[in-house]
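These values consider heavy atoms only, across backbone and side chains, with no hydrogens, waters or symmetry-generated copies.
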Amino acid sequence: MDAGVVYAIRIFRRPADAPADWSALYLQCRAPDTPYLGVLLPVEGDRWIVGVGGMRGGEPAPGEAGFARQLELLRDPRMREALTGAEPLGAVRGFVPGPGVPRHYEQRSPEGLVVLGDAACTFDPVYGQGISVAALEARELRRAALRYGGIGPATARAARRAVAAVSKNAWAMSSAEDVRFAATTGGPSGALLRAQHRFLDRVLAGAASDPRVTAACHEVMSLVAPPTALFRPAVLTAVLRSG
């Protein structure tokens, strides 16, 4: 499936009067009408790496003018305001991730082959899942090797099944969100998906005010807890009350 994501990235010198303890500033797109997103991350050398992007139909135009215009389109002005007085340290660089593709090597694969990371399942990078899933897959390969006493056909078969299992939830979450945008090609559909969207809307509304929902949502999105964590009694009660 393909939401048509395009990024533009630039490095800045952090302004002297900027908060020194920022860990990140992330402005997410909001389906179906706001396809623009931005992220600001502190990096070494007293610098910020700043990215702006958009789903299909909201892609940044090339160059400095396109970068500046994309900042203007973000649904919150804080990133644009934070860059006031920041010194650009290089050119604007573009990035087109391409479509997300789940590859089912657990169903059919040459004997002994184990595939990890983006080669096994490619995600829309908007959701920040790729490296986390790759780490989970590497852990499953290690577990399989320990279980079967090293690298061999049995280890490979077990690892392929485990790799598919640990990427399943991440793929389901990202693909379900991407299809909220009308210009996305491919992906799931149907009544069950619409019910999932309604529930997740209430989860996000609850996460804005209830710390139990916030914690559960963070755990699920960070892939440290399964989606069933949103159905813990205390969390579910708070979610239902939020609507």
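- With sequence neighbours excluded, no residue forms a salt bridge (charged side-chain N to carboxylate O under 4.0 Å, His left out) with Glu81.
- For Glu87, there are no salt bridge (charged side-chain N to carboxylate O under 4.0 Å, His left out) partners at least two apart in sequence or on another chain.
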For this session: Starting from the C-alpha separation in whole Å, work towards a yes-or-no answer on salt bridge (Lys or Arg N to Asp or Glu O under 4.0 Å) for Arg56 and Asp2.
Result: CA-CA 9 Å; Arg56 183 175 288 111; Asp2 188 2; 3.2 Å; yes
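- Screening residues 104-115 for salt bridge (Lys or Arg N to Asp or Glu O under 4.0 Å), with sequence neighbours left out, gives Glu111-Arg157.
- How far CG of Leu71 is from CG of Leu83: 6.0 Å, rounded to the nearest 0.5 Å.
- Contacts of Glu140 classified as salt bridge (charged side-chain N to carboxylate O under 4.0 Å, His left out), with partners at least two apart in sequence or in another chain: Arg143.
- Residues that satisfy the side-chain hydrogen bond (donor to acceptor under 3.5 Å, both in side chains) test with Arg13, not counting sequence neighbours, are absent from this structure.
- Screening residues 169-197 for salt bridge (Lys or Arg N to Asp or Glu O under 4.0 Å), with sequence neighbours left out, gives Glu177-Arg180, Arg180-Asp201.
- Remark: Arg103 engages Thr122 in a side-chain hydrogen bond (donor to acceptor under 3.5 Å, both in side chains) (not counting sequence neighbours).
- Of all heavy-atom pairs spanning Ala91 and Arg10, the tightest one is O-CG, 3.9 Å.
- By the ring pair (Phe, Tyr, Trp, His ring centres under 6.0 Å) test, Tyr148 pairs with no residue at all, sequence neighbours left out.
- Take Phe199 and apply the ring pair (Phe, Tyr, Trp, His ring centres under 6.0 Å) test, not counting sequence neighbours, and it matches Phe231.
- In terms of the salt bridge (charged side-chain N to carboxylate O under 4.0 Å, His left out) criterion, Asp118 has no residue partners (sequence neighbours excluded).
- Look at Arg69 and Glu64 and you find no salt bridge, because none of the NZ, NE, NH1 or NH2 atoms lies under 4.0 Å from a carboxylate O.
- Taking each heavy atom of Ala176 and Leu193 in turn, the nearest pair found is CB-CD1, 3.6 Å.
- Considering only residues two or more places apart in sequence or on other chains, Arg78 meets the side-chain hydrogen bond (donor to acceptor under 3.5 Å, both in side chains) condition with Asp76.
- Connectivity analysis of hydrophobic side chains (ILVMFWY, heavy atoms under 4.5 Å, direct or indirect) links Ile9 to Val5, Tyr7, Ile11, Tyr26, Leu37, Val39, Leu41, Val43, Ile49, Met55, Leu89, Phe95, Val126, Tyr127, Phe181.
- Shown here for Gly112 and Arg160, the closest heavy-atom pair between the two residues is N-NH1, 3.9 Å.
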